[in-house]
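Quick note: residue numbers are just sequence positions, from 1. Given the structure is predicted, the values throughout are model-derived calculations rather than measurements.
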Amino acid sequence: MTPTDESSTSLEERLSSLGLADPLSARECEVADLMRHGNTVATIARRLYISENTVRGHTKSIYRKLGIHSKQELIDLLN
């Protein structure tokens with residue numbers, strides 16, 4: 001298992017332990033994982049080959065589903 005796989009599994013375990021009524025999509029999980037490691041919107045967009053506005057849209061959805069309002073809350077919740 002590569003470090004990225006370990007990180008993904010760990011993220012999936014953390015998210016499943018939250019018992020979300022509306023779980024994150026696979027892409028939202030990718031964005032959340034990059035966000036919790038401190039990546040900026042621009043960096044996430046480049047790494048995932050999507051626009052910055054798409055990253056912002058995923059971010060809004062992630063925040064709504066997790067009931068949070070900031071990147072720091074995401075980091076605290078998932079780390």
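- Remark: Lys71 NZ to Thr59 OG1 distance equals 8.5 Å, nearest 0.5 Å.
- Hydrophobic clustering of Ile, Leu, Val, Met, Phe, Trp and Tyr side chains at less than 4.5 Å, counting indirect connections, keeps Ile75 apart from Val55.
- Counting heavy atoms from C-beta outward, Glu52 and Arg56 have side chains that approach closer than 4.5 Å.
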* Dump the intermediate steps for side chain to side chain contact (heavy atoms under 4.5 Å, CB included) on Leu78 and Met35, then the final yes or no. => CA-CA 10 Å; Leu78 299 181; Met35 287 177 64; over 6 Å; no
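- Residues passing the salt bridge (Lys or Arg N to Asp or Glu O under 4.0 Å) test with Arg47: none are found, sequence neighbours excluded.
- Thr43 has its side chain out of reach of Leu34: every pair of non-hydrogen atoms, C-beta onward, lies at least 4.5 Å apart.
- For the pair Asn39 (side chain) and Ile44 (backbone), a donor-acceptor distance under 3.5 Å is absent.
- Residues satisfying the side chain to side chain contact (heavy atoms under 4.5 Å, CB included) criterion with Leu77, sequence neighbours excluded, are Leu18, Leu66, Ile68.
- Nearest heavy-atom pair, Pro23 versus Glu28, reported as atom, atom and distance to 0.1 Å: O-OE1, 4.3 Å.
- Residues passing the side chain to side chain contact (heavy atoms under 4.5 Å, CB included) test with Ser70, sequence neighbours excluded: Gln72, Glu73.
- Residues Thr54 and Arg27 form no side-chain contact, since every pair of their non-hydrogen atoms from C-beta on lies 4.5 Å or further apart.
- Atom-to-atom distance recorded for Leu11:CG and Glu30:CD is 10.5 Å, nearest 0.5 angstrom.
- Counting only heavy atoms from C-beta outward, the side chains of Arg14 and Arg36 approach each other to under 4.5 Å.
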